[in-house]
Amino acid sequence: APPVKTLRYILPAAEASFDPALGRDLYTGHITEAIFETLYTYDYLARPVKLASETAAALPEVSADGKTYLIRLKPGVHFTPDPAFGGKPRELTVADYVYSWKRLFDPRLASPNSWLLEGKVVGLDALAEQAKQTGRFDYDAPVPGLEQIDRYTLRIHLTHSDFSLGMILAYEPMAAVAREVVEKYGDSKGEVAGHPVGTGVYKLGQWIRGSRIVLEENTGHRAESWNFEPSAEDRADDERIIRQMQGKKIPQIGRIEISIQVEDQSRWLSFTSGEADLFWLDGPLAPKGLADGKLRPELAARGIQLSRIVDPVLTYYYWNMRDPVVGGFGKEKIALRRAIAMAHDVDEEIRLVLNGEARRLEFPIPPGVEGHDPDYQGLLRYDPALANQLLDRYGYKKGADGWRTLPDGKPLLIHYTSRNEAAGVLMAELWRKTYTRLGIRMENQRMIFSDIQQAELLCKLQTRTYQWMADYPDGDNFMQLFYGRNINQNNNGCYQDPQFDQWYEASHAMPPGPQRDALYRKMARLLEVQAAAMPAYSRYRSMLAQPAVLGYKKHPILHQEWKYIDIERKD
Amino acid sequence: MTAVVHAGSPGLWLLAWRRLRADRVAMVSLAVVSAFLLMLVLSASGLIVADWEAEVGVSYAPPGFVGATPASSETAVPAAPAQALPENPFDPLADDIRALRAQLAPAAAGAVEMYGVADPLADDMAQLRGATATAGAGSLATAAGSGAATHAGAARRPTLPFGGDKWGHDVIKKTIKGGETSIVVGLVAALLAVSLGTLFGALSGYWGGVVDDCFNWFYSIFTAIPSVLMILAVAAVLQQKGVLTIVLILGLTGWTGPYRLIRAEYIKHKSREYVLAADAIGVSHWSKMFTHIFPNVSHVALVQMSILVVGFIKAEVILSFLGFGVPVGVVSWGSMLNEAQNELILGRWWQLSAAAIAMALLVTAFSLFTDALRDALDPKVK
Amino acid sequence: MMSAHPLDNPLLEINNLRIAFRSGRRATVDAVKGVSFQVPRNATVALVGESGSGKSVSSLAVMGLLPADSAIIDPVSRILFDGRDLLALSAAERRALCGKEIAMIFQEPMSSLNPVFTVGAQIAEVLRLHMGMSAAQARRRTLELLDEVGIPDPETRIDAYPSQMSGGQQQRVMIAMAIACEPRLLIADEPTTALDVTIQKQILELIARLQKRHAMAVLFITHDLGLVSEIADHVIVMRHGEVREAGPARAVLDQPQDGYTKALLHCRPSLDARPWHLPVIADYLAGVEPQRYAGGDIAEGQGVTPLHPLERQRGSGPDDEPLLVVSNLSKSFYQREGWFGRREFQAVKDVSFTLARGKTLGVVGESGSGKTTVGLTLLRLHQASGGSALFDGRDLLAMSAREFQAYKRRIQIIFQNPYASLNPRFTVGQILMEPMRIHRIGAGERERVALAHQLLEKVGLPASAFQRYPHEFSGGQRQRIAIARCLAMKPEILVCDESVSALDVSVQAQVLNLLQDLQDEFGLSYIFISHDLSVVKYIADQVMVMHQGAVVEMADSDQLYRDPRHPYTRALLAAIPRHG
Amino acid sequence: MLAYIVRRLWQMLPTMLGVVLLVFVLFNWVGGDPAYILAGKMANAESIANIRHQLGVDQSYPVQLWIFIKQIASFDFGLSWATGEPVSHIIATRLGPSMTVLLPLTLLETLLGIALALAVAFVRGSLTDRAVMIACTVGMSVSILVYIIVFQYGLAYQLGWFPVQGWGESFWENLLRYATLPILIGLAVSIAPTLRLYRSFVLDEVGQDYVRTARAKGLSERRVMWVHVLRNAAIPIITHVMANLPALLIGAFLLERFFGIPGIGREVILAVERSDFPVIKAITVYVAAATMVFNLLTDLMYQAVDPRVQLT
Ligand code: HEM
Ligand SMILES: Nc1ncnc2c1ncn2[C@@H]1O[C@H](COP(=O)(O)OP(=O)(O)OP(=O)(O)O)[C@@H](O)[C@H]1O
Ligand SMILES: Nc1ncnc2c1ncn2[C@@H]1O[C@H](COP(=O)(O)OP(=O)(O)OP(=O)(O)O)[C@@H](O)[C@H]1O
Ligand SMILES: [Mg+2]
Ligand SMILES: [Mg+2]
């Protein structure tokens with residue numbers, strides 16, 4: 001047999017639970033995505049991204065009102081052999097999906113992903129409610145909204161129109177796990193953290209926790225071959241990839257060796273000394289690999305390849321609308337927030353804090369996501385002089401010490417919260433410059449993540465830089481960040497405006513299209529004039545690949561593309 | 001140090017001082033330490049490096065003796081145009097803004113499509129923009145940038161004497177300012193730790209019995225828990241981040257060393273004949289503890305203090321690494337080293353070197369001085 | 001001053017030995033300033049002199065053990081051992097001599113033995129090194145040696161660690177180690193000062209015996225001339241790094257030529273006489289020789305301290321006024337043992353005595369017999385386990401702490417070690433004024449300062465002492481400061497715990513004279529603790545002999561010395577070295 | 001002897017109780033609330049309450065404390081909140097890598113420290129002595145962070161003498177390949193203070209009378225130092241080594257992070273970042289217990305080395 005091709009990869013943080021239902025970080029997502037399969041996935045090359053089938057036979061058949069989805073499964077998909085199945089492969093059926101989705105609502109498991117289906121499927125919430133009362137989830141109770149027509153066919157009945165369910169079904173937590181496995185290996189919560197058994201292209205091989213994860217090819221995986229169309233956006237590059245890969249068996253790489261390296265320096269030195277084949281070039285290291293967004297010549301000369309995309313992530317600043325100092329809809333409060341927004345130099349932030357690794361974004365939906373408007377012009381432009389005048393006008397007078405006070409003469413002090421790590425410090429330093437520019441005193445509160453999350457949920461933070469990464473590439477996933485009913489959930493700015501909520505609810509029921517986009521623009525503008533939040537930028541994702549890597553192109557939504565690529569070492 | 005020598009009891013301290021004087025290494029170290037302290041006083045009183053936050057150079061300006069790097073937009077901030085623009089001298093994108101503004105000015109907000117959303121501040125903005133367009137330049141330039149941090153008008157320099165950091169701060173000034181924080185943290189935290197340790201050690205060693213058991217209990221708990229965890233735990237309790245917090249973290253976790261030594265000294269001394277003699281003439285317990293015994297063990301406290309100062313200056317680096325460093329707007333050697341962590345692989349060695357060298361210099365001098373001090377104060381050597 | 005009789009073929013010959021120590025960067029201090037003497041083969045030479053006179057330094061120079069980094073031996077110096085100049089030898093040659101040809105015994109047996117090796121291993125080490133013995137041979141020889149120096153049960157003691165042996169035994173081990181290779185020269189540097197008189201006697205006899213048996217030369221270093229007469233053939237007297245007098249022992253002891261030698265011989269109180277005042281060295285060195293009188297020393301005051309022509313009378317009488325009546329005083333210490341148990345150790349057992357006003361009670365006994373404990377317990381520095389101490393009819397031991405505070409003024413103690421009892425961080429002024437402040441003696445600060453100066457004058461210290469620190473004074477002066485501190489409170493009873501034991505004979509005489517003067521002047525009562533029987537005989541009216549915590553005998557001092565009843569007292573008295 | 005050990009173990013109880021209380025109070029009460037992390041990015045009050053319930057942190061403090069104590073008594077700390085891995089497994093698997101670095105490091109440091117200390121003490125007072133001591137002081141004054149960054153960059157990357165980082169499966173591979181540079185850095189950082197300390201221990205002994213006796217016996221200087229002096233200096237050295245070991249377990253977290261060593265120190269920092277209390281509590285309790293046991297061991301070793309020590 002030919003030698004097994006091996007790809008070496010680096011993750012910057014330790015993995016967590018390998019149970020997809022409990023997936024909450026994208027590093028672990030890399031692994032679970034390789035081991036488990038969802039019904040749908042995304043086309044490797046298509047841009048903007050396009051849904052494709054994974055274990056489903058075809059894309060879902062959606063009714064005109066967007067309330068019924070008919071899903072057909074590919075026959076002959078098998079879970080990898082495991083003692084839980086008597087050591088044999090076990091065929092995947094729609095019951096496995098139904099079971100996996102029900103799991104999200106099991107109170108014992110306390111999955112952080114239940115929101116994906118919450119309030120959507122007819123009868124599922126009632127079952128969840130009942131489980132909450134009894135403390136036990138009845139997996140055998142039928143859910144009217146999840147109609148299993150046969151082993152391979154499922155019809156989903158939704159409570160209200162939703163045209164993005166297909167994308168949700170492509171999201172990692174919706175992957176199929178086998179009930180036998182959960183029952184055999186589940187811990188007291190019913191979590192299978194360390195024994196992943198899926199239908200995916202890879203299965204877990206050797207594993208040293210927190211240090212090294214090896215994935216091996218699932219040789220029993222259904223036969224697939226590489227066959228993709230070039231995208232319109234970068235056709236030339238895609239054609240090169242197609243030349244390299246077309247017709248090959250999936251996967252080409254039989255073994256993925258992942259090492260976990262926390263420190264930037266270690267990671268970079270590892271990659272450049274050839275100990276890794278694919279490398280996620282994140283912020284602090286960007287200048288080492290890139291100059292002006294392009295691969296540095298010395299790296300290019302070594303044949304290193306760069307794949308750079310804009311991540312579907314929105315970074316924005318919010319001010320807590322319920323805060324007595326910065327919050328509220330009064331004109332003087334709006335003026336304060338707008339002045340702050342106008343005094344903040346986003347370009348400097350991109351340049352210095354992110355090392356140029358982000359693209360300025362004025363619209364709250366990032367590029368690559370359904371609903372993004374590339375032509376939208378922001379209102380909150382950098383203009384500190386104007387900002388100062390605005391403050392003067394609204395009575396934020398400067399005291400003897402040079403610092404401004406509130407219009408009622410009380411001291412004005414802003415608490416900017418950031419995380420307890422290097423990036424948080426940088427961010428705070430930049431914001432301090434902004435506030436100093438306005439003559440406003442700022443203090444930086446640095447907290448650990450859980451404390452921030454807690455304060456945020458309770459609407460106790462004053463202001464902060466927040467990032468939202470698309471769970472699925474639809475604008476709804478971003479606009480819900482400002483929806484009034486999501487306060488105490490993830491509307492961290494605690495923004496609630498009846499007009500906005502009304503528009504949001506209307507947009508929620510629309511299929512993607514110009515009509516919904518128009519509504520989104522209004523919503524974006526409303527956010528701006530009230531200065532409840534200010535969109536700032538989307539990060540670039542720059543991936544470096546060693547010369548031996550073939551067919552590599554970073555996908556905006558998929559965590560990794562291992563099964564689509566090949567590697568040909570010269571030696 | 002000299003103040004202490006003369007203030008206390010001239011006899012023995014003077015003797016120690018003479019012995020120190022004879023030690024050349026000690027005197028050189030003392031000179032270095034004094035120089036640092038002088039720098040600390042000057043920078044704390046704002047006589048020097050008050051403007052360390054001024055962004056005088058381009059981002060990561062290399063040291064003057066190395067020479068400027070060929071400009072590439074990721075390091076070099078485009079210097080403000082020579083004829084400072086009246087509209088907005090801070091703006092790196094001044095040209096675009098000017099173009100945009102020229103386009104916007106006539107109809108104020110009208111140029112931006114509002115999609116039917118009403119702007120509550122539309123009138124204000126229009127008026128202010130109008131005023132801006134007509135008013136002279138100067139008034140606006142001064143209206144902005146009140147906090148004095150930004151060093152705007154002047155062009156940023158491509159090189160700085162010992163390089164610049166991310167923001168373009170002068171690394172030398174930053175190092176001096178950082179030294180101020182680090183040394184103050186070291187000194188105050190050591191003072192706190194030694195005071196606590198001495199007080200507890202004195203009570204424990206002198207009284208013995210239940211008091212001793214009690215303090216020993218605390219001591220064994222504090223030493224049984226690894227210091228890193230202890231630091232993280234104390235840091236978690238003291239939610240507020242600030243220099244005071246660092247001092248408290250270090251002080252509250254660092255008292256065990258002095259405690260152990262001082263307690264041992266008190267146990268030794270309390271049965272010494274001079275203490276018995278004091279007892280025989282009717283001296284009170286308090287006076288025995290602090291006027292009789294303490295001066296005799298104070299050298300231990302002093303040496304501990306200087307050892308801890310060194311230790312704490314180093315510990316601050318690790319605290320910074322763990323995210324419990326100084327707050328924003330304050331700089332310390334720890335925060336500099338931590339910031340510079342990733343700069344070395346980017347080929348920007350100057351901030352790392354500046355902080356590391358300054359720290360090494362002070363710490364070396366302090367340690368050598370401590371060694372000499374310990375010898376000078378050691379009763380055995382008399 | 002060279003020896004009067006140069007020997008033909010001495011074993012060791014020291015010629016013009018000059019040794020200096022570095023102090024500071026360039027300064028040096030001369031410790032030995034041109035010393036010359038000889039040690040004949042197969043004889044015992046005593047090297048005598050007060051503390052710091054250069055005895056040890058000279059002997060260490062012979063061994064080549066001076067600290068290399070600070071000691072400088074002048075190149076003119078010669079140390080000839082059997083004709084070879086030791087100073088010209090290489091380090092290896094020197095080592096080959098040390099332990100084999102020349103061996104040394106040190107003053108402190110405990111600290112001179114390595115605590116973590118068995119005594120057997122330490123002795124065997126020399127044998128294996130110099131005699132090339134196998135382990136088994138060395139062990140056999142070690143057993144013989146231990147037996148020879150009188151260690152009981154050598155078979156088991158050979159595997160004991162030094163800490164498991166008594167001081168006397170440790171010193172015997174040291175001696176065994178020194179004679180292991182049958183050296184030709186044995187240097188014994190104050191081998192008995194750390195030991196009790198009874199043990200001291202045994203050790204001296206042992207050395208004398210070994211010297212005969214092995215035909216060694218012995219250089220015996222001591223500061224006590226009293227010892228010399230018992231063992232030495234020749235005597236060399238040193239002072240301030242110079243030899244003052246040298247010669248055959250008889251001659252030097254009977255007809256001392258040098259003033260200093262004379263002083264050494266006479267400053268020590270003798271058992272036979274009790275002069276009104278003891279002579280001090282200054283008397284002799286001033287060149288005025290006090291006349292010998294009835295076995296004691298008296299001198300006509302010719303510009304020097306006038307000496308009283310009479311002997312003192314000591315003893316108790318029926319009309320003595322009892323001041324302190326102690327009955328059945330006991331003190332136990334407890335040690336943890338086993339799980340919960342504690343072991344009781346009775347340091348003082350049922351001690352009863354009466355102290356009369358204006359009189360001195362001497363307390364003698366070997367080390368550890370409970371003398372200090374009695375004193376400390378009376379002052380409540382230890383809590384008594386039983387018994388009573390009636391002072392003016394009130395029981396000191398039963399009072400509350402508050403009541404006792406007032407009595408602290410009336411009963412005081414001078415500690416065994418004067419230096420340790422003075423707070424080194426206080427000036428003499430602070431030391432003297434602190435008790436005055438506590439007990440509100442003197443109306444104001446100014447008056448107290450005046451009082452303190454008076455006290456200094458009384459104990460014979462200059463007024464400048466007020467500003468100085470204890471470490472700036474000599475041992476005798478420190479003892480005076482301690483006395484002055486007690487006097488500040490004008491106590492009625494003064495406990496003197498080994499007040500003179502740590503002092504050189506000359507200083508000892510000064511302090512004893514001072515104590516005597518104060519008693520004469522203020523009518524103080526002393527409890528005078530000492531292990532030195534001559535001193536006690538000199539100063540005490542009554543003597544109490546303690547042994548293992550109990551009083552074995554109590555009598556008027558003259559009576560006790562004349563007619564000791566208890567066998568232990570007899571043993572003690574027999575051990576006192578006598579000369580003359 | 002046995003009675004002594006039993007009594008000492010018995011005496012550890014109050015200290016352990018104190019440790020438990022302190023850990024409990026600090027981390028349970030004032031630390032962050034892990035439910036907010038576990039709830040994910042769409043957390044709401046209800047789901048948080050549910051998670052708190054599942055974790056048992058909604059119970060009253062006394063009950064939680066009782067559970068904690070039961071966990072300690074049964075050596076079962078349950079599952080990590082962040083990864084679902086049994087805590088006992090975490091400790092068992094992370095200990096090996098930590099030890100692979102720490103034991104050789106401690107061994108080398110001690111041996112090298114002793115050898116150098118004796119050598120330096122032999123030439124005490126000389127120019128060499130002073131120069132070495134000053135060099136040590138300079139070496140000590142550089143932050144470990146700088147050592148790691150510079151050594152990794154210079155030795156591993158630029159010169160390629162060592163792998164930049166990593167960890168394998170076989171013990172020998174780890175020890176000889178991956179642990180070498182971390183050990184070297186650890187050595188570079190610790191040898192200077194160790195040497196200074198040991199030198200002072202040795203010098204304390206060199207001044208003792210028994211050394212003079214040994215010389216008087218005509219022993220060679222080497223034997224005096226290596227046999228007589230060392231055996232006595234061993235006592236403080238043992239104390240130092242033993243007291244340092246448990247703390248080092250966690251203190252080496254910087255090395256572990258930079259070199260990708262899956263050890264205990266890194267795990268603790270990670271657990272703190274994730275508010276993973278079961279892991280924090282377990283590691284703290286184990287390290288505290290180890291510290292106390294090591295103290296006991298130290299005392300037992302004293303007796304072996306020094307006959308004067310009587311354990312009662
Ligand atoms: C190398 C990849 C990553 C980079 C460069 C990165 C960078 C950042 C940055 C710059 C922020 C903003 C910091 C702040 O707001 O304080 C952030 C926030 C965040 N990161 Fe990441 N991140 C990465 C991977 C991850 C992963 C894998 C997770 C999953 C656990 C994650 C979870 C978060 C979360 C939840 C936030 C938002 C918390 C917040 O608002 O601060 N990040 N990330
Ligand atoms: N290592 C040393 N460094 C400096 N001075 C020293 C040293 N050893 C001895 N001296 C000095 O040398 C002089 C003679 O000391 P030596 O030890 O010989 O006295 P000694 O006659 O043996 O006295 P003692 O009876 O107290 O033992 C003293 O003044 C002492 O201070
Ligand atoms: N604090 C104490 N704890 C335990 N035992 C003690 C204590 N103080 C003294 N002892 C013991 O009590 C006994 C008597 O001691 P004490 O000091 O009274 O003897 P001494 O006659 O003064 O001896 P020396 O002549 O050596 O001064 C000794 O065996 C000693 O070990
Ligand atoms: Mg001597
Ligand atoms: Mg005594």
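Numbered from 1 within each chain, the chains take letters A, B, ... in sequence-line order.
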### Query
Would a 4.5 Å heavy-atom cut-off, applied to side chains only, mark Val117(B) and Gln499(A) as touching?
no
### Task
Side-chain contact test, heavy atoms from C-beta onward, threshold under 4.5 Å: evaluate it for Leu121(B) versus Tyr394(A) and give yes or no.
yes
### Query
Hey, does Arg432(A) have a side-chain heavy atom less than 4.5 Å from the side chain of Glu53(B)?
yes
### Query
For Arg393(A), is it the side chain, the backbone, both or neither that has a heavy atom under 4.5 Å from a heavy atom of chain B?
side chain
### Message
Which atoms of Leu269(A) are under 4.5 Å from chain B, going by heavy atoms: the side chain, the backbone, both sets, or neither?
### Response
side chain
### Task
Mind listing the closest non-hydrogen atom pair of Val529(A) and Pro120(B) along with its distance?
CB-CD, 4.0 Å
### Query
Hey, which of Leu426(A), Val425(A), Leu285(A) has the most heavy atom pairs under 4.5 Å with chain B?
Leu426(A)
### Query
Out of curiosity, Met114(B) CE to Arg521(A) CZ, how far, rounded to the nearest 0.5 Å?
14.0 Å
### Task
Specify which of Gly329(B), Ala118(B), Gly347(B), Ser320(B) makes the most heavy-atom pairs with chain A at under 4.5 Å.
Gly329(B)
### Task
Check whether any side-chain N or O of Arg446(A) sits under 3.5 Å from a backbone N or O of Val326(B) as a donor-acceptor pair, and report yes or no.
yes
### Contact origin within Glu263(A) toward chain B - heavy atom pairs under 4.5 Å
side chain
### Query
Atom CD of Glu528(A) and atom OH of Tyr115(B): how far apart are they, to the nearest 0.5 Å?
9.5 Å
### Message
Within the 4.5 Å heavy-atom criterion, are Val328(B) and Glu443(A) side-chain neighbours or not?
### Response
no
### Task
Side chain from CB out, backbone as N, CA, C, O: work out which of these in Asn338(B) comes under 4.5 Å of a heavy atom of chain A, or both, or neither.
neither
### Message
For Phe363(A), give me all partners under ring-ring contact (aromatic ring centres under 6.0 Å, His included), at least two apart in sequence or on another chain.
### Response
Tyr376(A)
### Message
Looking at Lys331(A) and Asp123(B), is there a salt bridge between them, counting it only when a charged N and a carboxylate O are closer than 4.0 Å?
### Response
no
### Task
Sort out for me which of Val353(A), Thr272(A), Asp264(A) touches chain B most, counting heavy-atom pairs under 4.5 Å.
Asp264(A)
#### Entry: pair Asp119(B)-Arg338(A): side-chain heavy atoms closer than 4.5 Å
yes
#### Entry: Distance in Å, Asp383(A) CG paired with Arg129(B) CZ, rounded so as to fall on 0.5 Å steps
6.5 Å
### Query
So do the side chains of Asn444(A) and Pro327(B) get within less than 4.5 Å of each other, counting heavy atoms only?
no
### Query
Do Glu343(B) and Lys288(A) sit within salt-bridge range, that is, some charged N less than 4.0 Å from a carboxylate O?
no
